[in-house]
Amino acid sequence: MSDEQLLRPYWQDPLRGGGSLRAARCLAPAARGSRAALSNLHTDVLKFARFVIAVKNLASLAEYWSRNLKVRPPRLVGVLVTAGLLAALLLVLRPGSRPSPDAGGTRGGQIVASIRAEPRTFNPFVAGDQTSEALTFLMQGRLVRINRATFELEPWLAETWESSAEGRTHTLHLRPGVTWSDGTPFTSADVLFSLRAVHDPKVKSVLAGSLRVGGQPIRAAAPDPRTVVVTFAGPSGPGLRLLDGLPILPKHKLEAALAAGTFASAWNTGTPPADVVGTGPFVLREYQPGQRVVLDRNPRYWRKAQDGTALPYLDRIVLQVVPEQNAELLRIQSGEIDLTSGELGPEDYVPIRRAEEEGRLQLIELGVGPDADAFWFCLKPDAKRTDPRFAFVQRPEFRQAISYAVDREAFAETVFLGAAVPVWGPVTPGNTRWFWPDVPRYLHDDARARALLQGIGLEDRNGNGVVEDAGGAEARFTVITQRGIEWYVRGTSVLREELARVGIALDIAPLEFGAMIERMLACDYDAMYYRPVTTDLDPAGNMDFWLSAGSAHFWNLAQRIPTNEWERRIDTLMLEQAAALDLDRRRQQFNLVQRIFAENLPVLYFAAPRMYYAYSLRLRGVIPSVLRPPVLWNADSLSVTP
């Protein structure tokens, strides 16, 4: 029996452990602050994880006997479970079993990481792709930071703050002695400049939508060089967490570009590396298009380890551009790269597990991811006014028919090799605080799908297997997706086969990442299959996705006003929930948003994968996150063994 055949039952069969690999989630539950326990997993902790899995299997077996066979489980199982949990507890409490990421870091050395696409710019205000996000973590700083492992707010460039009783005014005190990487002092003037730039309409920043409260831009004043007073137009549920979405950029380097109206093109990939300055742990040394980005240690970085050692530990980080998933797998197996900028593909699990057992790599599971692959059509009326298919594509019934036509259980099995859970919306079970299990579901039903299509006038009138409207416009579409990602290949193939049964034809067109994004931004596509990622688990931190005018409202970008009533309703609810201070009230409002979204289906979701991550055993200080970048978000604490 192959490793994959051996492992598959443990992904799926509840009697064999409820998904034994899923049991590792107990070590890293999303948004509960325990993911740091996975830092620097060594052999003893790995044994503990596997032991807990075995214990959980026994517990699951006992539960199965009790619930399904209506008998009491044997006392032996209870004894074993109890003993196992006690042993596990002793192992957790053993001194040294969970080393601090700041303990024992060694200065010097470099690591090599892969990135799937080359950067489109070094300006974080105008690019929201995953490579740009990783570079922002490496080169820039924020006033406050959401810890990507605990999801708690941390002081960063601001060391302390006070907030007014109503939560609308926040006075932040900047750290003394912080400088930009070129030696220029960092002051409150840089904060005011960054807020002015992000909201400048000429910049068209992808970050602006998430930096508004009550529909109004966040305002700020600077009483002195080390103090910033931030004012919200109204109450805000997430409060200062919003400022995690604002990288602070240098006024002395970019003010002229903002005044000239050229800020959006500043710091493009042709910019000399020395001109790209920041307060982050690394600085740009070299960029070779299509090959690599090289970053050197920022000797002026402000942060220190718990023992007083100046961070970062590493001298250099090299980001290799590796668009193909298979090539990335080979490089991490061979030791050519130390880590990847994203999670493993499901087909990578077995070879990486072998490498772990051979002592070459560290493999961890992070649980169900907070993001799922998405499938959507361009719903921008101005771009599609001459396309006769738009008359039915814009109908919710058409997209509901697609949702009914896809067997999500089979989708999870085929696309993610069983290592996924079915989903019906953008919020997955991996986002434990905001996931709503009662979101409307579309259980697989081809007959229902055909009836919906027929109800909006789509029938196979000429017998060629593809439905068309009364004017002869066929439901035939080209789907663009990113080249080189194996699960995208399987996902689009499954969709093509599933939808063909109800008369919808798909042609698949894989593209290089840059070309795909350009097509998306221009609405130069019929449909798209891709995994957009969230930057915060709190929906109020992703207003750019939910609001009709948001920069990540990708199915209909750059709306001035909502184009339909249901989007107008979502806009209202999202603004209300973001302004609510009571968490239960926010959940109620957001559940309504999820219901409206699921009923109208501007984007379809089918399965959320379980996230696995691997890295070199020589790497220390790893604190993985379910959000991207999973490791480089904390790059200043990474080190390598001598």
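All heavy atoms count here, side chains included; hydrogens, waters and symmetry mates do not.
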Exercise for the section: Run the numbers on Gln325 and Asp348 for side chain to side chain contact (heavy atoms under 4.5 Å, CB included), then give the verdict. Expected result: CA-CA 9 Å; Gln325 180 184 336; Asp348 298 340; 3.4 Å; yes

Practice task
Kindly indicate, with the supporting measurements, whether the criterion side-chain hydrogen bond (donor to acceptor under 3.5 Å, both in side chains) is fulfilled by Glu328 and Thr340.
Solution key: CA-CA 8 Å; Glu328 184 180 58; Thr340 62; 4.7 Å; no

Problem - Residues Arg285, Asp296; criterion salt bridge (charged side-chain N to carboxylate O under 4.0 Å, His left out); working and verdict - result: CA-CA 6 Å; Arg285 174 188 176 91; Asp296 280 350; 2.9 Å; yes

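Remark: the Arg331 side chain and the Gln320 side chain contain an N/O donor-acceptor pair separated by less than 3.5 Å. Side-chain atoms of Asn298 and Ser181 include no donor-acceptor pair closer than 3.5 Å. The closest side-chain donor-acceptor pair between Asn464 and Glu474 falls under 3.5 angstrom.
Between Ala552 and Phe545, the closest heavy-atom pair is O-CD1, 3.6 Å. Between Thr136 and Pro124, the shortest heavy-atom contact is OG1-CB, 3.2 Å.
Within the cation-pi definition used here (under 6.0 Å to the ring centroid, within 45° of the axis), Arg142 qualifies as a partner of Phe137.
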Taking only distance into account, with no hydrogens and no angle test, what donor-acceptor pairs under 3.5 Å do side-chain atoms of residues 253-262 form with protein atoms, sequence neighbours excluded?
from	atom 1	to	atom 2	distance (Å)
Thr262	OG1	Ala257	O	3.3

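For the pairing with Tyr613, the side-chain contact (heavy atoms from CB on, under 4.5 Å) check across Leu363, Leu344, Val631 returns one residue only, Val631. Arg531 pairs with exactly one of Asp373, Asp371, Asp129 by the salt bridge (charged side-chain N to carboxylate O under 4.0 Å, His left out) rule, that one being Asp373.
In terms of modelled atom types and a separation under 3.5 Å, the side chain of Ser194 and the main chain of Leu249 share a donor-acceptor contact.
Evaluation of the disulfide (SG to SG under 2.5 Å) test over residues 479-509, restricted to residues two or more places apart or in two chains, returns none.
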